[in-house]
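Pasting in a structure now, in structure tokens, and then I'll have a few things to ask.
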Amino acid sequence: MKVITTIHELQSNIESLKKSVTTIGFVPTMGYLHEGHLTLAKEARDHNEVVVMSIFVNPLQFGPNEDFDRYPRDVERDTALARNAGVDILFIPNTDDVYRGKQSVTMSVKERVDVLCGRKREGHFDGVVTVLTKLFHLVQPTRAYFGQKDAQQVAVVDGLVKDYFFPIKIVRVPTVREEDGLAKSSRNVYLSQQERREAPILYQSLKKARESIMGGEQDPSVIMRNICDMIQEHTSGKIDYVELYSYPELYELNRLEGEIIIAVAVQFKQARLIDNIIISVEPEEKLNV
Ligand code: PAF
């Protein structure tokens with residue numbers, strides 16, 4: 001595995017790779033790698049000749065009250081994990097190289113942002129698409145890998161590549177889960193023992209919603225209410241949101257059709273957990289035949 005720390009070196013490596021290689025899989029990360037990232041790397045490894053992973057804690061996607069300075073970093077450990085995961089090029093640029101002086105063009109996301117977690121993180125997705133545009137141009141990947149856990153990020157990135165004709169396939173990789181269904185997250189360690197026992201209810205409530213949709217329930221408000229009831233009844237967490245939209249457009253729906261997302265966020269004492277499922281709903285006529 002090559003570790004590259006400058007844009008210049010990455011560009012010359014990609015340029016020579018492109019002469020002989022037809023597929024590059026890209027896994028963008030902010031480091032402090034966990035099983036979710038390694039699953040993305042494995043997917044990339046399975047489907048591409050070359051795998052590039054980036055580690056860059058992007059200041060532009062942190063709000064003024066967010067934890068940019070405290071964001072965990074451990075490059076040595078990450079390098080070992082990336083090597084084990086079969087990454088070919090690990091790109092770790094520094095901030096001055098990525099943001100050279102004042103940006104003369106800025107990017108602003110107009111759709112898919114004022115819902116779910118984006119509602120409270122003004123400017124966050126502007127920072128995400130800015131850095132990804134830079135990284136996509138540098139790495140020139142065939143495929144880029146993102147976790148479904150951050151479904152809103154995948155939706156925004158889908159909008160970016162479609163609107164600006166990036167010749168990149170965005171691969172959405174299913175959420176990695178504990179045996180009891182709880183979505184894996186570095187925040188799970190902040191749950192008390194009692195909360196940890198309650199936390200799988202989030203996914204159970206989403207699965208139950210899927211069953212009721214498959215059973216013919218069409219009304220989004222009923223589905224969302226049932227999820228809220230189940231979470232309120234069986235956990236001590238405080239619901240931040242339970243929302244249902246078309247996916248990846250993230251429009252509100254009156255009736256269910258096509259790809260939909262149901263997403264939840266629940267605040268426990270020390271940890272805020274999020275989870276979602278994406279369901280493909282057949283049009284009603286088809287369900288009735
Ligand atoms: O998901 C992340 O870690 C970041 O938002 C990403 C995609 C690496 C962009 O900085």
Side-chain angles (χ1 to χ4, degrees), residues 4-5 7 10 24-41 43-44 51-63 66-75 77-79 81-82 85 87 89-99 103 106-109 112-113 116-118 120-141 143-161 164 166 168-176 183-187 248 263 265 272-276:
I4 295 181
T5 56
I7 286 180
L10 181 73
I24 298 179
F26 178 41
V27 183
T29 81
M30 297 209 299
Y32 215 67
L33 303 179
H34 53 65
E35 214 174 319
H37 298 115
L38 302 178
T39 309
L40 302 183
E43 274 296 307
V51 176
V52 180
M53 177 185 274
S54 62
I55 294 181
F56 179 63
V57 185
N58 174 32
L60 221 63
Q61 69 188 72
F62 288 78
E66 291 179 10
D67 52 349
F68 174 70
D69 290 328
R70 282 186 301 119
Y71 197 83
R73 293 160 170 89
D74 191 341
V75 172
R77 182 174 157 274
D78 287 350
T79 306
L81 288 172
V87 169
I89 294 181
L90 183 63
F91 178 47
I92 317 180
N94 69 44
T95 310
D96 291 343
D97 210 6
V98 175
Y99 294 107
Q103 304 287 290
T106 58
M107 305 184 71
S108 160
V109 186
R112 310 179 182 190
V113 283
L116 305 171
C117 297
K120 286 190 184 155
R121 301 190 75 186
E122 212 194 316
H124 167 72
F125 287 111
D126 298 350
V128 171
V129 297
T130 303
V131 78
L132 286 177
T133 297
K134 288 168 183 271
L135 292 169
F136 286 167
H137 282 127
L138 292 169
V139 177
Q140 301 175 47
R143 303 181 184 88
Y145 293 81
F146 295 88
Q148 183 183 318
K149 178 96 190 302
D150 294 319
Q152 187 172 16
Q153 171 163 274
V154 185
V156 168
V157 176
D158 170 83
L160 171 72
V161 299
Y164 288 90
F166 281 85
I168 300 172
K169 180 167 170 36
I170 300 303
V171 182
R172 187 180 84 215
V173 179
T175 303
V176 186
K184 289 207 181 194
S185 160
S186 24
R187 296 202 175 86
R272 181 175 174 278
L273 303 188
I274 58 169
D275 204 348
N276 69 72

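When a ligand or atom number is given, it counts from 1 through the structure's own listing order.
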Test ring-ring contact (aromatic ring centres under 6.0 Å, His included) applied to Phe56 - qualifying residues, sequence neighbours left out: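 Testing Phe56 for ring-ring contact (aromatic ring centres under 6.0 Å, His included), a comparison that skips the adjacent residues, returns none.
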Between Leu135 and Ser54, which heavy-atom pair has the shortest distance, and what is it?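 Heavy-atom minimum between the residues: CD1-OG, 3.9 Å.
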Please tabulate protein-ligand N/O pairs under 3.5 Å for ligand 1, atom names and distances to 0.1 Å.
residue, atom, partner, partner atom, Å
ligand 1, 1 (O), Gln153, NE2, 2.8
ligand 1, 5 (O), Gln61, NE2, 2.9
ligand 1, 5 (O), Gln153, OE1, 2.7
ligand 1, 10 (O), Gln61, OE1, 2.7

Do the ring planes of Phe166 and Phe136 sit parallel (below 30°), tilted (30 to 60°) or perpendicular (above 60°)?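 If you compare the ring of Phe166 with that of Phe136, the planes turn out perpendicular.
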Closest approach of Thr29 to Leu33 (non-hydrogen atoms, all atoms of both residues):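 That closest heavy-atom pairing would be OG1-CD2, 3.7 Å.
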Quick check against the 3.5 Å criterion: does Asp150 have a side-chain atom that pairs as donor or acceptor with the backbone of Gln153?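 Pair absent, no side-chain N/O of Asp150 close to backbone of Gln153.
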Check whether more than 12 heavy atoms from other residues, nucleotides or ligands sit under 6.0 Å from atom OH of Tyr164, and answer yes or no.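 Counting neighbours around OH of Tyr164, 12 or fewer heavy atoms of other residues, nucleotides or ligands fall under 6.0 Å, so no.
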